[in-house]
Amino acid sequence: MTPTLRTERLLLVPYVPQDEADFVALFQDVRVSRWMGDGPVSEEEDRALFGRIFTKVYARELFDVWAVRRDGELVGHAEIKHTDTAGGHEIVYALAPAVWGCGLGTELARAVVAHGFGTLGLEEVHATVAAENGASLVLLERMGFAHVRDLTEDDGSTTRVLTLRRA
């Protein structure tokens, strides 16, 4: 079961059904969704994704996925899961634009990485980031992630694969 994680300013908890509207709002914001998966999708697809968190991910305990809260308000999303793309466990994180620029991204990523190294016992964690997502690339590089390789996507864009090894 996905554990609760705490940082100085954030609480990472499993989603509850009442989070659906906030989850959909986060993923429907193109400033966020342009960097997630294959980019923006319909509201219906985001609602279906939210449902699969319960019917597939949590029900089968496939991987850890969290609602990210600050002062009780849902401000983001985070995951750590195995992916063949990166050849190991990948961290995924997103924050609402209203909380960008105050260090919460680093705080969130550090918490998920620490969970990977500590609780999951991983030797390394990965991140896949669109080459144009400068903010996320800088954040991860500051944390010590190293650029490993580039992937060319079907649309011709480039995705960077970064890796952080346990110290």
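Computed from a predicted model, the values in this text were never measured in an experiment.
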Do Phe63 and His82 come close enough that some side-chain heavy atom pair is under 4.5 Å?
no
Go through the side-chain N and O atoms of Ser136 and Tyr93 and say whether any donor and acceptor fall under 3.5 Å apart.
yes
Return the minimal non-hydrogen interatomic distance between Cys102 and Arg70, and the atom names on each side.
SG-NH1, 4.0 Å
What distance do Arg69 atom CZ and Leu12 atom CG have between them, rounded to the nearest 0.5 Å?
10.0 Å
Mark yes when over 12 heavy atoms from residues, nucleotides or ligands other than Arg165 sit less than 6.0 Å from its CZ; otherwise mark no.
no
Would a distance-only check, ignoring hydrogens and angles, find a side-chain to backbone donor-acceptor pair under 3.5 Å from Trp100 to Gly105?
no
Between Glu20 and Arg47, is there a salt bridge with N-O shorter than 4.0 Å?
yes
Quick check against the 3.5 Å criterion: does Thr55 have a side-chain atom that pairs as donor or acceptor with the backbone of Gly51?
yes
Contact summary for Val16 and Phe54, nearest pair of heavy atoms
C-CZ, 3.5 Å
Are Val138 and Val99 in one and the same hydrophobic cluster, where Ile, Leu, Val, Met, Phe, Trp and Tyr link if side-chain heavy atoms are under 4.5 Å apart?
no
Using side-chain heavy atoms (C-beta onward) and a distance below 4.5 Å, is His77 in contact with Trp66?
no
Nearest-0.5 Å distance that lies between atom NE2 in His126 and atom OG1 in Thr163
4.5 Å
Looking at CD1 of Ile80 and CG of Leu5, how far apart are the two atoms once the value is rounded to the nearest 0.5 Å?
10.0 Å
For Leu120 and Asp64, what are the C-alpha separation, side-chain angles and deciding distance, and is it a side chain to side chain contact (heavy atoms under 4.5 Å, CB included)?
CA-CA 10 Å; Leu120 301 180; Asp64 294 322; 4.2 Å; yes
Shortest non-hydrogen contact between Pro40 and Val30, atoms and distance
CG-CG1, 4.1 Å
Using 0.5 Å steps for rounding, measure from the CD1 atom of Ile91 to the CG atom of Leu140.
5.5 Å
Atom pair CG (Leu164) and CZ (Phe145), whose distance is rounded to the nearest 0.5 Å:
4.5 Å
Measure the shortest side-chain to side-chain distance between Lys56 and Leu62 over non-hydrogen atoms and say whether it is less than 4.5 angstrom.
yes
Quick check on the 6.0 Å ring-centre criterion: do Phe23 and Tyr15 meet it?
yes
Locate the shortest heavy-atom distance separating Ala131 from Leu137; write the atom from each residue and the value.
O-CD1, 3.5 Å
Please step through side chain to side chain contact (heavy atoms under 4.5 Å, CB included) for the pair Val113 and Met143, ending with a clear verdict.
CA-CA 10 Å; Val113 166; Met143 286 180 58; 4.0 Å; yes
Has Asp84 got a side-chain atom pairing as donor or acceptor with Gly87's backbone, closer than 3.5 angstrom?
no
Non-hydrogen atoms of Val32 and Ala94 that approach each other most closely:
CG1-CB, 3.8 Å
Restricting to pairs with a member in residues 134-152, which pass salt bridge (charged side-chain N to carboxylate O under 4.0 Å, His left out), not counting sequence neighbours?
Asp150-Arg160
Judged by atom type as modelled, is there a donor-acceptor pair below 3.5 Å linking the side chain of Gln28 to the main-chain atoms of Val41?
yes
Transitively linked via ILVMFWY side-chain contacts under 4.5 Å: Val13 with Leu74?
no
Roughly how far, to the nearest 0.5 Å, is CG of Leu139 from CZ of Arg110?
8.0 Å
Co-membership, hydrophobic cluster, residues Leu11 and Leu104, 4.5 Å side-chain:
no
Return yes if some donor-acceptor pair links the side-chain N/O of Asn133 with the main-chain N/O of Ala130 below 3.5 Å, else return no.
no
Assess the side chains of Glu107 and Thr7: does a donor N or O sit below 3.5 Å from an acceptor N or O?
yes
List, by chain and number, the other hydrophobic cluster members for Leu151, where Ile, Leu, Val, Met, Phe, Trp and Tyr join if side-chain heavy atoms come within less than 4.5 Å, directly or indirectly.
Val161
Report yes if some heavy atom in the side chain of Pro14 is under 4.5 Å from a heavy atom in the side chain of Thr4; otherwise report no.
yes
Side-chain contact, heavy-atom cut-off 4.5 Å: Val92 with Met36?
yes
Taking Tyr58 for the side chain and Val65 for the main chain, is one N or O donor matched with an acceptor at less than 3.5 Å?
yes
Contact check, side chains of Glu132 and Trp35, non-hydrogen atoms, under 4.5 Å:
yes
Decide side chain to side chain contact (heavy atoms under 4.5 Å, CB included) for Glu90 and Thr85; before the verdict, give the C-alpha distance in whole Å, the side-chain angles of both, and the deciding distance to 0.1 Å.
CA-CA 9 Å; Glu90 172 184 22; Thr85 302; 5.7 Å; no
Evaluate the side chain to side chain contact (heavy atoms under 4.5 Å, CB included) criterion for residues Val75 and Leu10: first the C-alpha distance (whole Å), next the side-chain angles of each, then the deciding distance (0.1 Å), finally the verdict.
CA-CA 9 Å; Val75 297; Leu10 299 173; 4.3 Å; yes
Regarding Asp29 and Arg34, does a basic nitrogen lie under 4.0 Å from an acidic carboxylate oxygen?
no
Does either side chain, that of Thr158 or that of Glu153, offer a donor lying less than 3.5 Å from an acceptor on the other one?
no
